[in-house]
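One structure is given here, and the rest of the page talks about it.
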Amino acid sequence: MPLHNLHQHFIGQVKYRLKQAQRAVYQDLIDNWSKAINFPLELRESLNKDYPLEVKAEFFISKNNKAVKALITLADGQKIETVLLKNSDGRNSLCVSSQVGCQISCRFCATGQMGYKRDLEPDEIINQALVMARYLKSLNVSNHKITNIIFMGMGEPFLNYDNVIWAIKILNDSEGFNLGARHFSISTCGVIPGIQKLAKEKLQINLAISLNAPTNELRSKLMPINKKYSLEKVMATVNDYIKRTGRQVMFEYLLIKGVNDSLFMAKQLSQIINNHLFVVNLIPYNPTGKFKASDKKQIMAFKKVLEDNRVKVTQRNSFGQDIMAACGQLAGRGSRK
Ligand code: SAH
């Protein structure tokens with residue numbers, strides 16, 4: 001049985017048992033029910049049989065120690081990746097996958113090139129957090145908590161909307177993993193029905209849109225989904241989202257040399273980023289075979305044009321390239337081949 005149905009095992013039992021079980025899994029981070037020592041042996045055995053907690057994972061650590069990747073083998077043999085990014089400000093962000101592979105086929109993304117296998121179940125999303133949280137705990141260091149969970153790994157979260165939200169609700173639950181709603185972010189290539197649904201959720205989670213180009217012509221070339229959900233439609237939907245939620249929206253823009261990094265395009269971008277709750281996050285392109293990353297100088301100049309046009313800009317530090325763990329590099333394999 002999947003972990004997200006754990007409560008079913010406790011139907012008809014005293015109430016505190018379920019709470020104890022949830023605490024054992026999500027707070028004490030046990031990886032085997034035999035470690036739930038306050039449970040009768042029979043219960044431990046039945047839980048081990050019905051809700052096994054082991055997650056099969058291989059870990060890769062980047063040279064600078066800032067990125068840790070877990071390559072997880074699922075019950076059916078499919079592989080997914082989850083990446084922990086240790087920021088210098090103390091945040092430990094976990095970048096989780098929502099699907100095995102991806103249907104969107106963005107030209108610059110390794111996951112997009114591997115094709116789509118299937119959606120992840122809620123427990124397969126939750127297990128990514130658990131396996132990394134257990135790993136962090138095992139290190140015995142002071143800064144050992146996952147502080148943010150971002151859906152920027154493999155897959156398009158809004159094409160697996162229900163399971164993503166289900167997993168977030170359990171990870172957010174005070175009886176579960178207990179991570180505050182504001183510490184979750186969903187990144188989408190612009191799947192409009194997903195943005196609309198999120199606007200109506202009571203959860204105060206963050207939304208990020210992968211923009212990557214300022215015109216329909218270029219965006220459709222880089223991200224074929226743009227032919228279905230054009231820039232105008234996505235921006236109109238995001239404006240509605242802001243009217244409903246009052247929350248900031250992040251626009252991700254990866255910079256590819258000679259493709260989307262001209263200063264004219266920066267100017268075009270600043271014209272679409274026309275709401276004070278919009279913020280642009282510039283991402284250096286990570287090699288996936290096809291393109292080249294923009295030069296540092298060009299990135300700075302691009303950023304300056306945005307700032308001169310009063311656009312709020314942040315820059316993403318990408319790390320984990322040496323273990324193929326950086327944005328866009330996840331394709332269900334271990335390290336560089
Ligand atoms: N499908 C979702 C989430 C996965 S992609 C989405 O499209 O948002 C997460 C982020 O990584 C996106 O902003 C995407 O534009 C970026 N990305 C993809 N490939 C990349 C690459 N090669 N280098 C840098 N960023 C990349």
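When a ligand or atom number is given, it counts from 1 through the structure's own listing order. Along the sequence shown, the residues carry numbers beginning at 1.
The shortest contact between atom 6 (C) of ligand 1 and any protein heavy atom is with S210 OG, 3.3 Å. Of all protein heavy atoms, the one lying nearest to atom 17 (N) of ligand 1 is L254 CD2, 3.7 Å. The protein heavy-atom contact nearest to atom 23 (N) of ligand 1 is N286 N, 2.9 Å. Considering only non-hydrogen protein atoms, atom 19 (N) of ligand 1 sits nearest to G328 CA, 3.1 Å. Looking only at protein heavy atoms, the nearest one to atom 11 (O) of ligand 1 is C327 CB, 3.8 Å. Among all non-hydrogen protein atoms, the one lying nearest atom 5 (S) of ligand 1 is M152 O, 4.1 Å. Looking only at protein heavy atoms, the nearest one to atom 4 (C) of ligand 1 is G153 O, 3.4 Å. Distance from atom 3 (C) of ligand 1 to its nearest protein heavy atom, with residue and atom name: S187 O, 3.5 Å.
Other residues, nucleotides and ligands place more than 12 heavy atoms under 6.0 Å from the CD atom of E232.
F177 and Y26 have perpendicular rings, their planes meeting at more than 60° on a 0 to 90° scale where under 30° would count as parallel. Aromatic ring orientation, Y51 versus H9: perpendicular (interplanar angle above 60°, classes split at 30° and 60°).
Atom CZ of R17 and atom CD of Q22 lie 13.5 Å apart (nearest 0.5 Å). Taking CG of D261 as the start and CG of L255 as the end, the distance is 6.0 Å to the nearest 0.5 Å.
Side chains of K312 and F251 form no contact here, defined as non-hydrogen atoms less than 4.5 Å apart. Put simply, the side chain of N38 reaches to within 4.5 Å of the side chain of Q20, judged on heavy atoms.
The side-chain contact (heavy atoms from CB on, under 4.5 Å) search around A326 returns N286, Q321, Q329, not counting sequence neighbours. In this view, W166 and H4 satisfy the ring-ring contact (aromatic ring centres under 6.0 Å, His included) rule, not counting sequence neighbours.
Within ligand 1, counting atoms from 1 as listed, the ones closer than 4.0 Å to a heavy atom of G155 are 1 (N), 2 (C), 3 (C), 4 (C). Counting the atoms of ligand 1 from 1 in the order shown, those under 4.0 Å from a heavy atom of N212 are 15 (O). Those atoms of ligand 1 with a heavy atom of P284 less than 4.0 angstrom away are 24 (C). Ligand 1 places these atoms under 4.0 Å from at least one heavy atom of T288: 22 (N). Shown in contact with C189 at under 4.0 Å from a heavy atom are these atoms of ligand 1, numbered in order with element: 6 (C), 7 (O), 8 (O). Counting atoms of ligand 1 from 1 in the listed order, those under 4.0 Å from a heavy atom of Y285 are 21 (C), 22 (N), 23 (N), 24 (C). The distance from ligand 1 to the heavy atoms of E252 drops below 4.0 Å at these ligand atoms: 10 (C), 12 (C), 13 (O).
In this structure, P287 falls outside the shell of residues with a heavy atom less than 4.0 angstrom from ligand 1. Using a 4.0 Å cutoff on heavy atoms, A326 does not count as a contact of ligand 1. Not close to ligand 1: G112, with no non-hydrogen atom less than 4.0 angstrom away.
Between the side chains of N281 and Q315, no donor N or O sits under 3.5 Å from an acceptor N or O. Of the N and O atoms on the side chains of Q113 and T288, not one donor lies less than 3.5 Å from an acceptor on the other residue.
If you look at F184 and F151, their ring centroids are not closer than 6.0 Å.
Residue contacts with ligand 1: E156 is placed with a nitrogen or oxygen under 3.5 Å of a nitrogen or oxygen of the ligand (distance criterion only).
Among K233, R219, K221, E217, the single residue meeting the side-chain hydrogen bond (donor to acceptor under 3.5 Å, both in side chains) criterion with N226 is R219.
Contacts with ligand 1 closer than 4.0 Å are made by no heavy atom of C106, backbone or side chain. Counting heavy atoms under 4.0 Å from ligand 1, residue T188 touches it through the backbone alone.
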